[in-house]
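Below is one structure, written out as C-alpha cells; comments come after it.
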Amino acid sequence: MLKGCDRMALKIYNSLSREKETFLPIEDGKVKIYSCGPTVYDYFHIGNARAFLLPDIIKRYLEYKGYEVLHVMNFTDIDDKMIIRANEEGISIEKLADRFIKAFFYDIENLNIKKADIYPKATDHISDMINMIKELVDGGFAYQSDGDVYFRVDKFKEYGKLSNRKLEDLIAGARVEVNDKKENPLDFVLWKESKEGEPSWDSPWGLGRPGWHIECSVMSTRYLGAKFDIHTGGVDLTFPHHENEIAQSEACCSHQVVNYWMHNGYINIDGEKMSKSLGNFFTTREILDKYQPEVVRFFLISKHYRSPINFSDKELDDAAKSLIKLQNIYQKLNFLVDKDIVDGELRGEKLLEIIKEKETKLVEAMDDDFNTALAIGSLHELAKELNRFINSDNFELTQEVKVVLEEGRKLLELFGKDILGILVEQQEKDNELVEPLIELLLEFRNKVRSKKEYELADEIRDKLDELGIEVKDSPQGVEWSYK
Ligand SMILES: Nc1ncnc2c1ncn2[C@@H]1O[C@H](COP(=O)(O)OP(=O)(O)OP(=O)(O)O)[C@@H](O)[C@H]1O
Ligand SMILES: [Zn+2]
C-alpha cells in the first residue's frame, strides 16, 4: 500500500486564491479544520448533509496520508430562526437546540460520518464574542450605534477578497436598506440590541445578542488558534458569512487566519438550491428511511464536491445500482480470500500490476482536490478487472492468486470502506439485520397465537431457542434476549 505516500502531492482548490494549491500544513504532520455547522432549529436536509460529509471525507483521506487531524464544527444555537421556531413550538431555545443537536448526532452517525473533535455552541462563547467585538471597536474596525455594534467594512482594506468583489461593486449591488444606524450599507452587525422577550446577554452596549458571523471567528480561533489550515462550508456561505469572518478575524489578528477555504457546491432540486426557506427539501432522515446510508454517501460524493448535484429519486436509484457492483465484488473477495486454495500455477502477476495501477489512480484522484468522482470511477475499473479475472474459465484459487486477490480486497477496503465510506462488510450489515428480523418473526408469532395456532407458535419459539435466542411470554407481552 502507498501508506504515507507523497504528502506534497495533495492539491486543494482554495476559494481565496481561486486556484488549486499544493497543500502545506502550518504544523508538520497536523491539520486543523473548522467547519460551519448547523443552525439547530430543524432536522438537517440532504443539502446540509453534503456540507457535513465533506470534512468527513477530507479527514479520512488526510488520516490515510498520515496526518493528525483536529476538527471543530460549531452549532449555531442562537439566531432569528431559533427564536422564531422556539416561539412557534412554545418551548425554550435551549430545549429546541438540545432536541436538534441530539437529532444531528443521530443522523450523522447513521450516515457513517465521523464525529468532529469539538462541537462548540455559540451560546457557550458569548463572553469571548463580546471581547472580540470590544477589540474591534478599540481598533476602529467597529462602532456602536444605539444598542447595536457594526463592523466598519471601509476600514478593512481587503474586504471582498474571498468573494472576489470590490467594495464599490458590492455597495452598488447591495439592496438599499433603510437603516440609519449604519455608516455604510455593507457594514454588518456584530452585536444586536435585543427586542422585548428575546434572549439577551449583558454587554458594554447593553442587553443584546451576537450576530452570526462573529460566532465563527470566535469559535474557530478559540479552538484552533490564530492561524489554522482549512475552513469548510457550503458555497452559499462565501458571501457574506465567510467574507465577514475574514474581516473580523484578520482585523483582530493582523494576519491571514485561514490558509485554505473550501466550499462545497449545492444539492439542487429542479435547478434550485435545496433550502429550508424555499421548502424544497428532504431531510436526511427521511432519505435514510428509504435508502441505505452507503447509497446516500455514494450519491453525495459521486460528483466532485465543488460541482452541483441534482437531487431526485432516480439519481439515488442510479447510485444504488452503481454501488451494488462495487459491493458485490468486495463481498466476493471477502469470501474468496477465506476459501481453501487449490494447487495450481501462478497466474496473478498481470492482475497485481493492474491493482497497483488502480491504486496509483485512486491516490491521484484524491490528491487532486479530493476528487471522489474520479476515485469512484477507478474503483469501478478495479471491480471490472477483478470480476473478469474471477469469472474467467481457468480461474483457480491458488496460493499466489489468493495473495493477489487479497491485495485487491485491501485496496477496495481502504478506498471504498475506510476513506469513502461507501462499502460495508456484509457481516456488519448482517448484524444490523438480525434484530429487526427477530422482531418481525415475533410479530408474526403473535399473529399465529392470536389465531390459537399454539403448536406453530411454540415451534417458532423452540427454533429460536436452538439459535440461541430466548423468548419469554409474559402478561406485558413478549420479550426476547440472547442466551
Ligand atoms: N442545498 C445545499 N447544498 C449544499 N450545501 C448546503 C445546502 N444548503 C445549505 N448547505 C450548507 O449546509 C451547512 C449547514 O447550514 P445551516 O444549518 O445554516 O443550513 P441553512 O443555511 O439554514 O439551510 P437552508 O439554506 O436550507 O436554510 C452550511 O455549510 C450550508 O452552506
Ligand atoms: Zn460559520
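Start at 1 and go down the list; that is how both ligands and their atoms are numbered. No hydrogens, no waters, no symmetry mates; every other heavy atom, side chains included, goes into these values.
Taking CZ of Phe188 as the start and CD1 of Ile214 as the end, the distance is 7.5 Å to the nearest 0.5 Å. With values rounded to the nearest 0.5 angstrom, Asn259 atom CG is found 9.5 Å from Leu16 atom CG.
Scanning the protein for heavy atoms near atom 13 (C) of ligand 1, the closest one is Ala51 CB, 3.8 Å.
Comment: Glu250 engages Lys161 in a salt bridge, judged by a side-chain N to carboxylate O separation of less than 4.0 angstrom. Under a 4.0 Å N-O distance rule, the pair Arg285/Asp107 qualifies as a salt bridge.
At a 4.0 Å heavy-atom cut-off, ligand 1 touches Asn48 through backbone and side chain alike. Residue contacts with ligand 1, taken as heavy atom pairs separated by less than 4.0 Å, involve Ser275 via backbone and side-chain atoms alike. Residue contacts with ligand 1 for Asp236 involve side-chain atoms from C-beta outward but no N, CA, C or O (heavy atoms, distance under 4.0 Å). Contacts between Asn264 and ligand 1, counted as non-hydrogen atom pairs separated by less than 4.0 Å, involve the side chain only.
Atoms of ligand 1 lying under 4.0 Å from at least one heavy atom of Lys81, given by number and element, are 22 (O).
Tyr159 and Asn244 share a donor-acceptor pair across their side chains, judged by distance under 3.5 Å alone. A donor and an acceptor atom, one from each side chain of Asp148 and Tyr150, are located under 3.5 Å apart. Side chains of Glu243 and Ser163: a donor-acceptor N/O pair is present below 3.5 angstrom, by distance only. Judged purely by distance below 3.5 Å, without hydrogens or angles, the side chains of His213 and His242 never pair a donor atom with an acceptor atom. Of the N and O atoms on the side chains of Ser15 and His263, at least one donor lies less than 3.5 Å from an acceptor on the other residue.
Looking at ligand 1, you'll find an N or O of Gly47 within less than 3.5 Å of one of its N or O atoms. Every N/O-N/O distance between Arg50 and ligand 1 stays at or above 3.5 Å. Remark: ligand 1 and Gly234 share an N or O pair separated by less than 3.5 Å (distance only, no angle test). For ligand 1, the polar-atom distance check against Tyr266 finds no nitrogen or oxygen pair separated by under 3.5 Å. Checking only distances, Met274 does come within under 3.5 Å of ligand 1, N or O to N or O.
Note on residues 129-141: no pairs pass side-chain hydrogen bond (donor to acceptor under 3.5 Å, both in side chains), not counting sequence neighbours.
Protein N/O/S atoms found under 2.8 Å from the Zn ion (ligand 2), listed by chain and residue number: Cys36 SG, Cys216 SG, His241 NE2.
Figure legend: Lys30 and Tyr67 shown without cation-pi pairing, the cationic atom not lying both under 6.0 angstrom from the six-membered ring centre and within 45 degrees of its axis.
Within a 6.0 Å sphere centred on NZ of Lys273, other residues, nucleotides and ligands contribute more than 12 heavy atoms.
For the ligand labelled ligand 1, residue Gly265 lies inside the 4.0 Å heavy-atom shell.
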